[in-house]
Amino acid sequence: MRQDELLLQLDETPVMNASVSSIDTEKVNSYLAKLGQSLLNDEDNNALVRELINLSILLNIDNNLHPSLGGILAFGKNPQKYFSSYNIQCGAYKGKDFLSDTVREKDLKGTLDELIEDAIAFLMMVMPQNRDLDRGIRRKDEYLYPIEALREGIVNAVSHRDYTISGSAIRLFFFSDRIEIRSPGGLPNTITLENMRYRQFTRNSMITSFLAGYGYMERRGKGILRMLRLCEQNNIKCELSLTPDNNEFVVTYSLA
């Protein structure tokens, strides 16, 4: 309710128990370099602070400087120090459910981009590959599920999860017959499972902006549609659903 009154999204609000020192300025510079923008002026502390405020990474609250939630998740030295559940819990299992033997489990931590890359690395580690002859000359290895479609699902989970839900992590599961990405929170107002592939929505504008700058997503909101199309092109069934209590958004990939 407080957010609605102030017309603020959660990722635009300050992290009151964090400070300027919580931000990794080298990571900010890497981001700016990717955008082709000038790097931070780290020789002048006042200029550095102004630039971080202009980027919405820092907020001035009653003359006290605090990182924004989006800023610390994207550029923090240790985001999980402040928000332990804003991570990704990964598990791979030999069978079709959690009762089967565990292949590998791992809790991923880090900034938004690190979470995305480490989640993809986890899937590539546990996912079998198809091996086919390429033009009859050499072998061509391809994963059972298209990596780019999986990446879209993970990026969607990181960018659109409901960060007001504390104590719940994004969960990534690999089973023998499917992959599931479970993201905390239901769908935003006016968005349904039927229209979300065509309508643009942003629950976390700042996070979405940072991920777009990193090159993970477009601001035009085509990620879901692209994911579904990639799956269709690779004969993978992709289903979007909500848990019965509407507390998790689930993307399920399975072999068609």
Side-chain angles (χ1 to χ4, degrees), residues 3 9-11 69-70 73-74 79-80 83-93 98 105-123 145-175 178-212 214 216-218 221-228 230-231 236-254:
Q3 284 180 244
Q9 294 184 320
L10 185 66
D11 59 344
L69 175 60
L73 292 180
Q80 285 72 35
F83 306 99
S84 59
S85 65
Y86 292 176
N87 64 338
I88 300 180
Q89 297 175 350
C90 301
Y93 307 93
F98 300 109
E105 292 180 332
K106 189 173 184 179
D107 286 354
L108 306 180
K109 299 180 180 180
T111 51
L112 300 174
D113 60 312
E114 291 167 345
L115 290 175
I116 293 168
E117 293 303 326
D118 289 349
I120 289 296
F122 178 87
L123 287 176
Y145 300 88
I147 296 299
E148 285 308 307
L150 299 176
R151 186 186 300 274
E152 289 286 357
I154 293 167
V155 169
N156 180 78
V158 169
S159 60
H160 296 302
R161 69 153 284 175
D162 188 343
Y163 285 97
T164 66
I165 299 177
S166 60
S168 296
I170 294 169
R171 299 189 294 164
L172 174 62
F173 300 127
F174 181 90
F175 297 103
R178 69 193 186 282
I179 293 174
E180 292 182 6
I181 303 173
R182 293 176 167 261
S183 178
L187 298 177
N189 291 337
T190 74
I191 300 298
T192 67
L193 292 172
E194 290 71 29
N195 69 19
M196 68 181 305
R197 66 191 67 190
Y198 303 110
R199 292 192 59 180
Q200 181 179 4
F201 68 96
T202 303
R203 174 178 270 139
N204 308 296
S205 295
M206 186 179 297
I207 288 173
T208 299
S209 178
F210 288 145
L211 290 177
Y214 269 121
Y216 286 111
M217 59 192 307
E218 296 181 353
K222 296 181 179 179
I224 292 291
L225 188 59
R226 182 170 184 269
M227 177 182 70
L228 294 172
L230 283 167
C231 286
I236 297 297
K237 184 179 180 181
C238 183
E239 295 179 293
L240 312 177
S241 63
L242 292 167
T243 54
D245 59 5
N246 288 328
N247 281 335
E248 279 188 316
F249 174 69
V250 185
V251 179
T252 303
Y253 307 86
S254 55

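Under the 30°/60° scheme for interplanar angles, the aromatic rings of Tyr93 and Phe173 are found to be tilted.
Ile154 and Ala119 make their closest contact through CD1-CB, 3.7 Å (heavy atoms, listed as atom of the first residue, atom of the second, distance). Closest heavy-atom contact between Ile181 and Ala157: CG2-CB, 3.9 Å. The two residues Phe210 and Ala74 make their nearest non-hydrogen contact at CD1-CB, 3.7 Å. When every heavy atom of Leu108 is checked against every heavy atom of Asp118, the shortest pair comes out as CD1-C, 3.7 Å. Closest non-hydrogen pair, Glu105 versus Gly91, comes out as CG-CA, 4.1 Å. Shown here for Ser85 and Gly167, the closest heavy-atom pair between the two residues is OG-N, 3.0 Å.
Proximity of Leu193 to Phe249: side-chain heavy atoms (C-beta onward) are separated by under 4.5 Å at one or more points. Side-chain contact check for Pro146 versus Ile236: some heavy-atom pair is nearer than 4.5 Å. Residues Tyr253 and Phe174 form no side-chain contact, since every pair of their non-hydrogen atoms from C-beta on lies 4.5 Å or further apart. By the 4.5 Å heavy-atom criterion applied to side chains, Ile170 and Pro184 are counted as neighbours. Counting heavy atoms from C-beta outward, Ile179 and Leu172 have side chains that approach closer than 4.5 Å. For the pair Asp107 and Cys90, the minimum side-chain heavy-atom distance is 4.5 Å or more.
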- Stepwise side chain to side chain contact (heavy atoms under 4.5 Å, CB included) test for Leu112 and Tyr214: CA-CA 10 Å; Leu112 300 174; Tyr214 269 121; over 6 Å; no

- Message: Set out, in order, the CA-CA distance, both residues' side-chain angles and the distance that settles side chain to side chain donor-acceptor pair (under 3.5 Å) for Thr252 and Glu180, then state yes or no.
- Response: CA-CA 5 Å; Thr252 303; Glu180 292 182 6; 4.7 Å; no

- Please walk me through it: do Leu150 and Met227 pass side chain to side chain contact (heavy atoms under 4.5 Å, CB included)? CA-CA 8 Å; Leu150 299 176; Met227 177 182 70; over 6 Å; no

- Message: Checking Tyr86 against Leu115 for the side chain to side chain contact (heavy atoms under 4.5 Å, CB included) test, could you report, in this order, the C-alpha distance in whole Å, the side-chain angles of both residues, the deciding distance, and whether it holds?
- Response: CA-CA 10 Å; Tyr86 292 176; Leu115 290 175; over 6 Å; no

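Counting only distance, with no hydrogens or angles, the side chain of Glu248 and the backbone of Thr243 share no donor-acceptor pair below 3.5 Å. For Ser159 (side chain) and Thr208 (main-chain N/O), no donor-acceptor pair under 3.5 Å exists by modelled atom type. Within the 3.5 Å criterion, the main-chain N or O of Arg171 finds no donor-acceptor partner in the side chain of Arg182. Of the possible polar contacts, one joining the Asp11 side chain to the Ile207 backbone as a donor-acceptor pair under 3.5 Å is found. Side chain of Asn204 to main chain of Met206: no donor-acceptor pair is present (N/O by atom type, distance under 3.5 Å, no hydrogens or angles). Judged by distance alone, with hydrogens and angles left aside, the side-chain atoms of Glu117 form no donor-acceptor pair with the main-chain N or O of Glu114 at under 3.5 Å.
To the nearest 0.5 Å, atom CD1 of residue Ile116 and atom CE of residue Met217 are 8.5 Å apart. The CZ atom of Arg151 lies 10.5 Å from the CG atom of Leu123; values are rounded to the nearest 0.5 Å.
Cation-pi geometry between Arg161 and Tyr163 is satisfied (NZ or CZ under 6.0 Å from the ring centre, within 45° of the ring normal).
Side-chain polar atoms of Glu152 and Tyr216 form no donor-acceptor pair below 3.5 angstrom.
When the side-chain hydrogen bond (donor to acceptor under 3.5 Å, both in side chains) test is applied to Glu239, no partner is found at least two apart in sequence or on another chain.
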